[in-house]
Amino acid sequence: MRTQVVIIGGGPSGLLLGQLLHRKGIEAVVLERKTRDYVLGRIRAGVLETGLVRLMEEAGVADRLHREGYVHDGTQIAWDGGMFHIDFKQLTGTPVVVYGQTEVTRDLYDAREAAGAQTIFQVDDVVIHDADGDRPHVTYTRAGQSHRIDCDFIAGCDGFHGISRQTIPLDVRREYEKTYPFGWLGILSETPPVHDELIYASSDRGFALCSMRNANLSRYYIQCALSDHTSDWTDAAFWDELRRRLPADVAERLVTGPSIEKSIAPLRSFVTEPMRWGRLFLCGDAAHIVPPTGAKGLNTAASDVQYLYHGLVQHYHDRDSEGLDRYSEKALLRVWKAERFSWWFSGLLHRYPDQSPFDLKMQKADIAFLRDNESQQRAFAENYVGLPY
């Protein structure tokens, strides 16, 4: 088989890139290790920056997003028994949209199928060949048979554990990583959200987040020890701990119910450089990971897609390589800013095991400064709604 672009990974970043390229007449084949149902079963956050919403519009897959997504003009920060509001719309003129990542992925799969674009599921033993040469190709096995795809370019959208980043030689790539000494215990419940905006809470017992998927589906998180297991936490214990970390009036309004999904996620900051090696380009989690505080993971992947998409269109339509040549430089400039915000916001709200009394006073002073200073709120809002591409 031959195509113009092979996209490794059938998650939202790979699908979005494929759909955008299809609309510009550029052929791409998507390779996915799992089944469609497995990919759609992943529970992920769903706070979308305006830049991602615009890319969805350009890809022709934003109709359901606009019908069913929740526009949020701000967010709530709970602290010291009270709560204050940061107004994105007033401070930046821009909101965010709450729309589940699963729904983004579903819309993209539906559009890809309707367009007749090729997605190959359940592929194994994927190997990238000659990415640093002029004739790259990808081999894989499916149902015990070997296959080969020749192409012009390869987009590695296959996540942190995928083959794409590992294809770049160790003497070429440099990796930066910070691991956090806690995780997030999250549950999904068929209950109405406790508030019409997200609540980020800092308390002496640790961090908590109140989020939602729709009017009767809520997503809640609490900071937990890395040694914890979901079996250590009954639903009753989770709800009790969540209440303790919220202001009293919010805790009283909390509607509880059985969890329909429960998981623990460790927190990590990670970046690899460069994000291009020859004709191989890394996108999303293949190149960088952010802690979920501030919901930058999917949105940062979308900014990678935007840079790569425009670089490929420039190459095929205008015979100009400038966009591809500068892809890694442009993507990383924005990636590191998103990493900084996620790292800072995580440090603002979580309790760390090695915090001294002085550290705790500084943390509280930092939150008070955010509450009382409009310039600090504006900087926060600009980062939260998404820095420009």
Side-chain angles (χ1 to χ4, degrees), residues 5-9 11-14 17 31 33 126-134 136-138 151-183 226 265-312 315 321-347 352 383 386-389:
V5 182
V6 170
I7 298 172
I8 302 176
S13 58
L17 176 61
L31 301 179
R33 189 167 60 92
V126 175
V127 179
I128 297 169
H129 303 268
D130 300 329
D132 58 339
D134 294 331
H137 61 281
V138 176
C151 57
D152 300 326
F153 301 102
I154 301 164
C157 305
D158 51 347
F160 181 79
H161 298 289
I163 190 63
S164 297
R165 183 182 75 257
Q166 299 172 43
T167 298
I168 302 176
L170 285 171
D171 62 350
V172 173
R173 60 184 156 103
R174 183 170 183 182
E175 298 181 348
Y176 305 83
E177 184 172 22
K178 175 182 175 61
T179 56
Y180 295 78
F182 42 74
L226 282 174
L267 273 64
R268 172 195 289 129
S269 297
F270 174 86
V271 180
T272 189
E273 297 182 353
M275 289 174 58
R276 176 192 182 179
W277 183 58
R279 291 174 176 259
L280 169 64
F281 300 83
L282 304 182
C283 283
D285 288 359
H288 43 77
I289 303 285
V290 292
T293 327
K296 290 297 163 205
L298 176 60
N299 291 295
T300 308
S303 68
D304 297 344
V305 167
Q306 194 268 353
Y307 293 125
L308 183 53
Y309 157 58
H310 283 285
L312 288 167
H315 169 82
S321 66
E322 190 267 346
L324 293 180
D325 290 342
R326 296 191 60 204
Y327 167 74
S328 182
E329 171 195 346
K330 289 180 178 180
L332 283 167
L333 186 63
R334 193 178 188 278
V335 162
W336 277 112
K337 291 176 183 176
E339 292 280 348
R340 185 210 67 83
F341 176 71
S342 299
W343 161 80
W344 170 82
F345 198 24
S346 297
Y352 289 72
N383 280 274
L387 297 173
Y389 293 161

Checking side-chain contact (heavy atoms from CB on, under 4.5 Å) for the pair Val6/Leu31: CA distance, chi angles, key distance, verdict?
CA-CA 8 Å; Val6 170; Leu31 301 179; 4.0 Å; yes

Test Ser346 against Tyr352 for side-chain contact (heavy atoms from CB on, under 4.5 Å), laying out the working first.
CA-CA 10 Å; Ser346 297; Tyr352 289 72; 4.3 Å; yes

Would you please test Lys337 and Arg340 for side-chain contact (heavy atoms from CB on, under 4.5 Å) and show each step?
CA-CA 5 Å; Lys337 291 176 183 176; Arg340 185 210 67 83; 5.6 Å; no

List the steps and the verdict of side-chain contact (heavy atoms from CB on, under 4.5 Å) for Leu267 and Thr179.
CA-CA 6 Å; Leu267 273 64; Thr179 56; over 6 Å; no

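Minimum interatomic distance between Leu308 and Ala155 (heavy atoms only, all atoms of both residues): CD2-CB, 4.0 Å. Taking every heavy atom of both residues into account, Ser269 and Tyr180 meet most closely at OG-OH, 2.7 Å. Residues Pro136 and Asp152 approach most closely at CG-O, 3.5 Å, considering heavy atoms. Closest approach of Pro291 to Trp343, counting heavy atoms only: CG-N, 4.5 Å. Taking both residues in full, the closest heavy atoms of Pro274 and Ile168 are given as O-CD1, 4.2 Å, listed atom of the first, atom of the second, then distance. Contact between Leu280 and Ala131 at its shortest, heavy atoms only, is CB-CB, 3.9 Å.
Atom CD of residue Gln166 and atom CD1 of residue Ile128 lie 10.0 Å apart, to the nearest 0.5 angstrom. Separation of atoms CZ (Phe281) and CG (Leu17) is listed at 10.5 Å; rounding is to 0.5 Å. Taken to the nearest 0.5 Å, the OG atom of Ser164 stands 4.0 Å off from the CD1 atom of Ile8. Taking CG of Asp285 as the start and CZ of Phe160 as the end, the distance is 9.5 Å to the nearest 0.5 Å. Here CD1 of Ile163 is found 11.0 Å from CZ of Arg33. Values are rounded to the nearest 0.5 Å.
Not less than 6.0 angstrom separates the ring centroid of Tyr327 from the ring centroid of Tyr307.
By the 4.5 Å heavy-atom criterion applied to side chains, Leu312 and Val5 are counted as neighbours. No side-chain heavy atom of Tyr389 sits under 4.5 Å from any side-chain heavy atom of Lys330. Considering only heavy atoms from C-beta on, Val126 stays 4.5 Å or farther from Asp158 through its side chain. At a threshold of 4.5 Å between non-hydrogen side-chain atoms, the residues Ser13 and Asp304 do not count as touching. At least one side-chain heavy atom of Leu324 sits under 4.5 Å from a side-chain heavy atom of Phe153.
Among Lys178, His288, Arg174, the one residue that satisfies the side-chain contact (heavy atoms from CB on, under 4.5 Å) test with Val271 is His288. Each of Leu282, Val172, Ile154 was compared with Trp277 under the side-chain contact (heavy atoms from CB on, under 4.5 Å) criterion, and only Val172 meets it.
Among residues two or more places apart in sequence or in another chain, the side chain to side chain contact (heavy atoms under 4.5 Å, CB included) test is passed with Pro388 by none. Partners of Arg165 according to the salt bridge (Lys or Arg N to Asp or Glu O under 4.0 Å) rule, which considers only residues two or more places apart in sequence or in another chain, are Glu175.
For the salt bridge (Lys or Arg N to Asp or Glu O under 4.0 Å) condition, the pairs that include at least one residue of residues 267-279, sequence neighbours left out, are Glu177-Arg268, Arg276-Asp325.
Looking only at atom types and distance, the side chain of Thr272 has no donor-acceptor partner in the side chain of Tyr176 under 3.5 Å away.
Using a distance-only test at 3.5 Å, with no hydrogens or angles considered, no donor-acceptor pair links the side chain of Ser342 to the main chain of Glu339.
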